[in-house]
J.: 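Pasting a structure below so you can have a look.
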Amino acid sequence: MTPDEFRAAGHELIDWIADYRERLAERRVGPDVAPGEIRAMLPAHPPSSVVEFGDVLADVDEIVLRGTTNWLHPSFFAYFPSNASYASVLGDLLTAGLNVNGMSWVTSPAATEMETLMLDWMGELLDLPPRFASGGDGGGVIQGSASEATLVAILSARWRSTHGAVNADGDTSRLVAYLTAQTHSSIPKGLRVAGIGEDRQRIVDHDEAFAMRPEAFADAVTADLAAGLVPCFVCSTHGTTSSMAFDPTPELAATCARNGIWLHVDAAMSGIGALAPELRWVNAGLEHADSYCTNAHKWMGVNFDCDLYWTVDRAALLGALSILPEYLRSSAAASGAAIDYRDWQIPLGRRFRALKLWFALRLDGVDDTISMVRDHVGWTQWLADEARRDERFEVVAPHPLNMVCLRLHAGDSATDALIEAANATGEALFTRTVLDGRTALRFSIGTATTTRHHVDAAWRLLQQLAT
Ligand code: PLP
């Protein structure tokens with residue numbers, strides 16, 4: 001492709017994306033395809049000749065979109081919010097165009113310094129405790145996903161609990177971690193990767209609001225200490241994926257402080273709510289946390305991948321992850337004046353992801369996001385009231401923000417059938433969960449283009465299909 005061909009195709013592609021988004025509401029939300037159907041529509045072998053850009057776009061229309069779940073659809077109420085503002089998409093295009101590898105300060109100073117600043121800006125906008133800011137012992141970094149952020153937190157905790165020995169002498173066989181049955185699956189996965197197996201993952205009791213019981217956490221720690229084990233890490237979730245529960249971080253913190261347990265707060269799905277001053281309660285207890293993450297690529301609308309991760313203990317992070325081969329040495333890093341973000345994550349290479357955050361903050365700001373958050377929270381409360389008024393439905397968990405879990409009194413199979421029937425229409429998309437052994441439909445309102453009308457239509461659809 002020549003530069004001129006790139007220009008022409010680029011304009012065409014931008015137009016295509018804008019058209020797709022403008023007409024998204026006319027499409028099904030979820031695709032109606034069977035496994036293997038999309039692959040079967042594509043040639044089995046690599047092409048032996050090249051085609052025009054228009055031919056590729058035609059296949060996108062005919063084949064790719066046929067098998068695409070439209071996450072940006074205004075009637076997408078599944079999983080979690082996943083927005084991607086135009087501004088951030090343009091920033092990401094620039095990232096691809098520059099193709100910088102920002103693994104170290106010296107490999108692209110702007111990539112590093114803008115990332116540090118963006119995390120400081122976000123800390124200010126979310127009103128995070130100042131100890132997360134880059135000026136002191138802490139600081140922030142963009143991770144690809146909350147799962148990566150959690151793994152980094154676990155490895156920092158492991159480093160601290162093994163007194164800096166993570167090799168053969170750093171015995172991890174006695175380390176214990178604490179979570180609840182509602183904790184996101186990425187946490188047990190990260191623990192497994194870090195060598196803290198299921199036999200040393202304590203599933204602490206939760207209360208009727210699906211939040212960790214602090215006294216059960218304290219008891220579990222006491223029992224583990226008595227057994228000669230080493231309590232190492234707890235994940236306190238602010239907005240669980242399954243039911244939007246908030247673990248009581250302020251109450252868990254005392255046990256952590258007494259026993260040197262790393263307190264990680266996972267607010268991947270809901271932490272962005274703190275952009276709205278009246279919702280800052282979602283930050284409760286962060287002043288005690290060792291690390292924190294929230295996903296700008298969910299509710300905030302900086303396109304995937306943009307997890308914001310902060311730690312207050314850079315030394316533990318670097319201790320756990322820093323390895324310095326000769327070919328990566330630089331005088332800038334050796335001077336201590338520069339950050340090498342390769343030491344803050346698992347992979348070496350890293351994209352210039354700060355650009356999309358910078359574009360989003362400068363071109364859009366956060367006022368529209370705050371209004372959107374307020375709308376989503378308000379509509380969720382309206383929806384929960386509606387569901388309570390319909391005697392066939394039950395609201396099965398607290399719904400302090402933008403998700404409500406519903407269930408049919410008729411039982412698990414009826415609730416499952418309702419989810420399946422609603423999704424099959426293509427008019428809306430929901431996901432199921434199981435809360436204390438009972439099936440529930442998660443109605444998550446998080447898409448930037450969703451209006452009250454879409455919420456209303458989706459609720460009427462559920463009412464029509466309910467038994
Ligand atoms: N933690 C919570 C609370 C989540 O809701 C999610 C995703 O929904 C994750 C972690 C994992 O996020 P990611 O896909 O960024 O790894």
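Keep in mind that this is a model prediction, so the values were computed, not measured. In listed order, ligands and their atoms are each counted from 1.
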J.: Where the side chain of N283 meets the backbone of L126, is there a donor-acceptor pair that is under 3.5 Å apart?
T.: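 It does hold such a pair.
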
J.: Hey, would you say the Y309 and W344 ring centroids sit under 6.0 Å apart?
T.: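 When the ring centroids of Y309 and W344 are compared, they turn out to be at least 6.0 Å apart.
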
J.: Looking only at the aromatic ring of each residue, does the gap between the centers of W358 and F352 stay below 6.0 angstrom?
T.: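 No: the rings miss the under 6.0 Å criterion.
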
J.: Out of K189, H238, Q182, K298, whose heavy atom is nearest to atom 14 (O) of ligand 1?
T.: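 Comparing heavy atoms across K189, H238, Q182, K298, the nearest one to atom 14 (O) of ligand 1 lies in K298.
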
J.: Which atoms of ligand 1 sit under 4.0 Å from any heavy atom of G239?
T.: 3 (C)

J.: Using the ring centroid of each side chain, check whether W71 and F304 are separated by less than 6.0 Å.
T.: no

J.: Which is it for F246 and W281 under the ring pair (Phe, Tyr, Trp, His ring centres under 6.0 Å) test, yes or no, and what are the steps along the way?
T.: CA-CA 10 Å; F246 280 76; W281 55 264; 5.1 Å; yes

J.: Please verify the inter-ring angle class for Y20 with W16; under 30° counts as parallel, over 60° as perpendicular, anything in between as tilted.
T.: parallel

J.: Return yes or no for this condition: an N or O of S147 is under 3.5 Å from an N or O of ligand 1.
T.: yes

J.: Under the side chain to side chain donor-acceptor pair (under 3.5 Å) test against R351, which residue among N99, N101, D305 passes?
T.: D305

J.: Report, in ascending order of atom number, the atoms of ligand 1 lying under 4.0 Å from any heavy atom of H297.
T.: 15 (O)

J.: Give yes or no for whether the N/O distance cutoff of 3.5 Å, strictly under, is met between N295 and ligand 1.
T.: yes

J.: Could you tell me which atoms of ligand 1, counted from 1 in the order shown, lie closer than 4.0 angstrom to a heavy atom of S186?
T.: 10 (C)

J.: Is D307 in contact with ligand 1, taking contact as a heavy-atom separation below 4.0 Å?
T.: no

J.: So if I count the atoms of ligand 1 from 1 in the order they appear, which ones are less than 4.0 Å from some heavy atom of S145?
T.: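 Those of ligand 1 that fall under 4.0 Å from S145 are 13 (P), 15 (O), 16 (O).
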
J.: List ligand 1 atoms under 4.0 Å from M269, heavy atoms only on the residue side.
T.: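 By the 4.0 Å cutoff, the relevant atoms are 5 (O).
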
J.: Note the single closest protein heavy atom to atom 13 (P) of ligand 1, along with its residue, its atom name and the distance in Å.
T.: A146 N, 3.5 Å

J.: Considering distance alone, does some N or O of F304 sit under 3.5 Å from an N or O of ligand 1?
T.: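 So ligand 1 has no N or O lying under 3.5 Å from an N or O of F304.
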
J.: Has the side chain of R202 got a donor or acceptor atom that lies under 3.5 Å from a matching backbone atom of D199?
T.: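 Between the backbone of D199 and the side chain of R202 there is a qualifying donor-acceptor contact (under 3.5 Å).
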
J.: Among all the protein's non-hydrogen atoms, which is closest to atom 1 (N) of ligand 1, and how far away is it?
T.: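 Residue, atom and distance for the closest contact: D266 OD2, 2.6 Å.
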
J.: Could you tell me how the ring of F430 sits relative to the ring of F77: parallel (under 30°), tilted (30 to 60°) or perpendicular (over 60°)?
T.: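 F430 and F77: parallel rings.
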
J.: Check ring pair (Phe, Tyr, Trp, His ring centres under 6.0 Å) between W379 and all other residues, then give those that pass, not counting sequence neighbours.
T.: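 If we apply the ring pair (Phe, Tyr, Trp, His ring centres under 6.0 Å) test to W379, skipping adjacent residues, the hits are H376.
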
J.: In terms of atom number and element, which parts of ligand 1 are under 4.0 angstrom from non-hydrogen atoms of T241?
T.: 2 (C), 3 (C), 4 (C), 5 (O), 8 (O)

J.: Can a non-hydrogen atom of E148 be found less than 4.0 Å from any atom of ligand 1?
T.: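 Contact check E148 vs ligand 1: negative.
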
J.: Which residue and atom name correspond to the protein heavy atom nearest atom 11 (C) of ligand 1, and how close is it?
T.: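 Ranked first by proximity to atom 11 (C) of ligand 1 is H184 CE1, 3.3 Å.
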
